[in-house]
Participant: 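Quick one: this structure, given as structure tokens, is what I'll be asking you about.
Basis for what follows: all heavy atoms, side chains included, without hydrogens, waters or symmetry-related copies. Source: prediction; values computed, not measured.
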Amino acid sequence: MTGSLLRPDLSPLRGSRYVRAVFASRTVAMFGSQAAEVALLVQAKQLTGSPLVVGLLGIAELVPLVVFGLYGGALADRFDRRILMRWCEPGLAGCAGLLLLNALLPHPAVWPLYVVSAVMMAFASLQRPAFEAAIPRLVRREQITATVALLSMSQNVSVLLGSSLGGVLAVTPGPWVVYALDAVGFAVSFGMLGRLPSLPAAPDDGSAGARGQGGGGSAGDGAAGAGSPGPALRDIIVGLRYAVSRKDLLGSYLADLSAMIFAYPNALFPFMAVILHAPWATGLMFAAPSAGALAVSATSGWMTRVRRHGLAIAAAATLWGAAMAGFGLSPDIYVALGFLAVAGGADETSGIFRDTLWKQTIPDQLRGRMAGIELLSYAAGPPAGQLRSGVVASLAGLRFSLVSGGVACIAAVGVVCAALPAFSGYVDAPAASAAEAD
């Protein structure tokens with residue numbers, strides 16, 4: 001009995017060829033993308049030797065992530081999601097090919113790294129809302145938690161292995177090998193996604209728009225009226241209004257933002273490693289949360305039995321804050337890595353239940369836009385968290401920044417639960433599913 005609660009629930013993979021196709025597509029594509037992301041950083045360092053140049057790659061990707069994430073969400077609610085998912089892959093493969101050609105030049109240029117990485121982020125941001133919105137159409141409702149956990153486990157494995165292999169191959173024989181592998185991965189993913197059924201936009205009965213606008217119109221209306229914003233912008237606004245109207249969803253966003261803004265530690269890892277007399281362990285600090293996340297997703301069988309999803313998200317965000325405070329108080333590197341692994345497991349738990357809450361409760365005609373808004377929240381939290389942690393560390397010391405951030409995270413989550421009882425009190429009520437699972 002205990003073993004079954006710890007083992008991941010593989011029934012979605014066994015029971016649906018569509019889930020198997022998505023799982024294979026995401027595993028291959030994420031592995032190559034993560035390897036290429038590391039190769040980009042390595043190549044930028046090789047070409048310039050400047051930490052600023054390397055850091056600006058993230059800034060180049062931020063704007064397309066926000067803009068095309070929101071726009072991709074609107075498109076996912078208007079067009080066939082299978083088409084969006086599949087045909088972004090050739091664009092991504094083409095970008096990897098451009099990076100490959102640049103890397104093969106006798107003297108590779110720096111500017112293509114910025115331009116191509118920004119275009120790749122645009123394609124990925126257009127594609128992701130369609131993926132997120134498609135999952136509830138491919139599995140039964142009661143299998144959503146298990147499916148989310150399996151896809152998350154695949155992502156964690158791909159991040160760990162892709163980062164490691166990308167770092168090695170980018171040095172010898174060089175970044176071009178990684179970019180070539182990335183292009184091949186997108187080609188394989190394109191073929192796997194061809195196995196999915198058509199996923200046209202769901203007909204809108206107007207109820208979702210009314211719920212998000214207080215009865216002010218349908219979420220899926222076509223052209224806007226005279227003097228109103230364009231259809232895509234109007235759709236995005238409807239999605240934002242819906243998100244605010246759903247207090248349980250709003251609580252899940254705010255709990256995650258509280259964790260990221262107050263207790264996101266990555267910018268302080270190199271400095272903490274020096275304080276702990278272990279500069280050699282900086283890389284391990286970055287890897288430890290992923291290891292903890294993988295451990296949770298690989299033992300996720302118990303999650304399908306949890307019904308208090310809001311409370312689970314709040315508890316996991318609280319544990320994240322406590323683990324980060326513990327990290328700040330760590331007396332040596334081994335204790336520090338242990339706290340980071342715990343934090344990664346807590347973040348994974350929160351992520352799985354957030355994803356389940358969204359996929360189970362958001363109307364199909366709004367899932368694309370809500371996935372775009374979710375992507376925006378992911379983009380906003382870590383940069384704000386890194387800014388907060390750096391400023392506080394410069395003013396009051398590194399350990400104080402980490403500990404105070406963890407305590408502030410716990411307090412903020414408590415405030416969210418008190419202010420939004422619909423979030424902390426949310427209980428999953430199993431219902432009959434109209435999924436297109438096969």
Side-chain angles (χ1 to χ4, degrees), residues 26 29-48 50-76 84-85 88-103 108-132 155 158-159 162-163 166-167 170 175 178-179 181-183 185-186 189 236 256-257 260-261 264 266-267 269 286 289-290 351 371-387 389-390:
R26 291 303 82 201
M30 177 60 72
F31 178 84
S33 295
Q34 192 63 36
E37 183 176 331
V38 174
L40 268 172
L41 299 176
V42 171
Q43 188 180 21
K45 178 180 180 297
Q46 290 173 341
L47 294 176
T48 68
S50 168
L52 177 61
V53 171
V54 176
L56 288 176
L57 282 171
I59 302 299
E61 295 175 346
L62 182 60
V63 172
L65 187 153
V66 173
V67 173
F68 288 93
L70 291 173
Y71 186 59
L75 293 180
L84 289 170
M85 292 159 64
C88 282
E89 299 292 68
L92 289 163
C95 290
L98 291 175
L99 290 173
L100 168 62
L101 292 176
N102 181 62
V110 175
W111 65 264
L113 305 186
Y114 291 95
V115 175
V116 177
S117 63
V119 176
M120 291 187 84
M121 180 57 71
F123 276 117
S125 300
L126 278 174
Q127 182 189 55
R128 176 167 169 172
F131 264 108
E132 297 294 333
Q155 177 177 320
S158 296
V159 168
S163 298
V178 183
Y179 301 143
L181 289 174
D182 193 25
F186 288 126
S189 177
I236 292 170
D256 182 51
L257 282 172
M260 294 298 101
I261 291 174
Y264 191 75
N266 289 25
F269 283 167
F286 284 97
S290 294
I373 293 171
E374 170 202 346
L375 190 60
L376 179 60
S377 73
Y378 283 160
Q386 295 202 148
L387 177 62
S389 65

Participant: Which distance, rounded to the nearest 0.5 Å, do you find between the CD of Q127 and the OG of S189?
Facilitator: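 Q127 atom CD to S189 atom OG measures 6.5 Å (nearest 0.5 Å).
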Participant: With a 4.5 Å limit on heavy-atom distance, are the side chains of M120 and D182 in contact?
Facilitator: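 SC-SC contact between M120 and D182 confirmed.
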Participant: For F186 and S33, work out which heavy atoms get closest and say how close.
Facilitator: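 Nearest pair, atom of F186 first, then S33: CZ-OG, 3.4 Å.
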Participant: On a heavy-atom basis, which atom in G69 and which in P129 lie closest, and how many Å separate them?
Facilitator: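 Shortest heavy-atom separation between G69 and P129 comes out as O-CG, 3.6 Å.
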Participant: Atom CE in M121, atom CG in L65: separation rounded to 0.5 Å?
Facilitator: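 So the gap between those two atoms works out to 5.0 Å.
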Participant: Look up atom CZ in F68 and atom SG in C88, then write down how far apart they are to the nearest 0.5 Å.
Facilitator: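 If we round to the nearest 0.5 Å, F68:CZ and C88:SG are 10.5 Å apart.
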Participant: So L47 and P108, do their side chains get closer than 4.5 Å, heavy atoms only?
Facilitator: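 Yes, side chains in contact.
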Participant: If you take all heavy atoms of V119 and C95, which pair is closest and at what distance?
Facilitator: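 Scanning both residues completely, I find the closest heavy atoms to be CG1-SG, 3.6 Å.
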Participant: Specify the closest pair of heavy atoms between P175 and A170, including all atoms of both residues, with the distance to one decimal.
Facilitator: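 In this case the closest contact between P175 and A170 is CD-O, 3.3 Å.
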Participant: Rounded to the nearest 0.5 Å, what's the gap from CG on L113 to CG on L98? Could you check?
Facilitator: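 The distance works out to 11.5 Å.
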Participant: Under the side chain to side chain contact (heavy atoms under 4.5 Å, CB included) criterion, do V178 and L40 qualify, and how do the steps go?
Facilitator: CA-CA 9 Å; V178 183; L40 268 172; over 6 Å; no
Participant: Between R26 and E132, does at least one N-O distance fall below 4.0 Å, as a salt bridge requires?
Facilitator: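 Between E132 and R26 there is no salt bridge, as every charged N stays at least 4.0 Å from the carboxylate O atoms.
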Participant: Please find the pair of heavy atoms, one from A130 and one from L84, that lie closest to each other, and give the distance.
Facilitator: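 Heavy atoms of A130 and L84 come nearest at CB-CB, 3.9 Å.
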Participant: Find the distance between CD1 (I236) and OH (Y71) and round it off to the nearest 0.5 Å.
Facilitator: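 Separation between the atoms: 8.5 Å.
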Participant: Please examine the side chains of E374 and R128, heavy atoms only from C-beta on, and report whether any two atoms are closer than 4.5 Å.
Facilitator: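 They are in contact (side-chain heavy atoms under 4.5 Å apart), so the answer is yes.
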Participant: To the closest 0.5 Å, what do you measure between CG (L375) and CG (L70)?
Facilitator: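 With rounding to 0.5 Å, CG (L375) is 8.0 Å from CG (L70).
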Participant: Which is it for T48 and V110 under the side chain to side chain contact (heavy atoms under 4.5 Å, CB included) test, yes or no, and what are the steps along the way?
Facilitator: CA-CA 8 Å; T48 68; V110 175; 3.8 Å; yes
Participant: Would you find more than 12 non-hydrogen atoms of other residues, nucleotides or ligands less than 6.0 Å from F131 atom CZ?
Facilitator: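 Above 12, so yes.
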Participant: Might you point out which heavy atoms bring I261 and A384 nearest each other, and give the distance in Å?
Facilitator: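 Scanning both residues completely, I find the closest heavy atoms to be CG1-CB, 4.1 Å.
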Participant: So, the side chain of S117 versus the backbone of Y114: is there a donor-acceptor pair under 3.5 Å, distance only?
Facilitator: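 The answer is yes, because a donor-acceptor pair under 3.5 Å joins these two groups.
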Participant: Between Q43 and Y179, do the side chains contain a donor N or O and an acceptor N or O under 3.5 Å apart?
Facilitator: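 Their side chains do contain a donor-acceptor pair, which is all the 3.5 Å distance test asks for.
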Participant: Is it true that the side chains of S158 and Q34 contain a donor and an acceptor less than 3.5 Å apart?
Facilitator: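 No, because no side-chain N or O of S158 sits under 3.5 Å from a partner of the opposite role on Q34.
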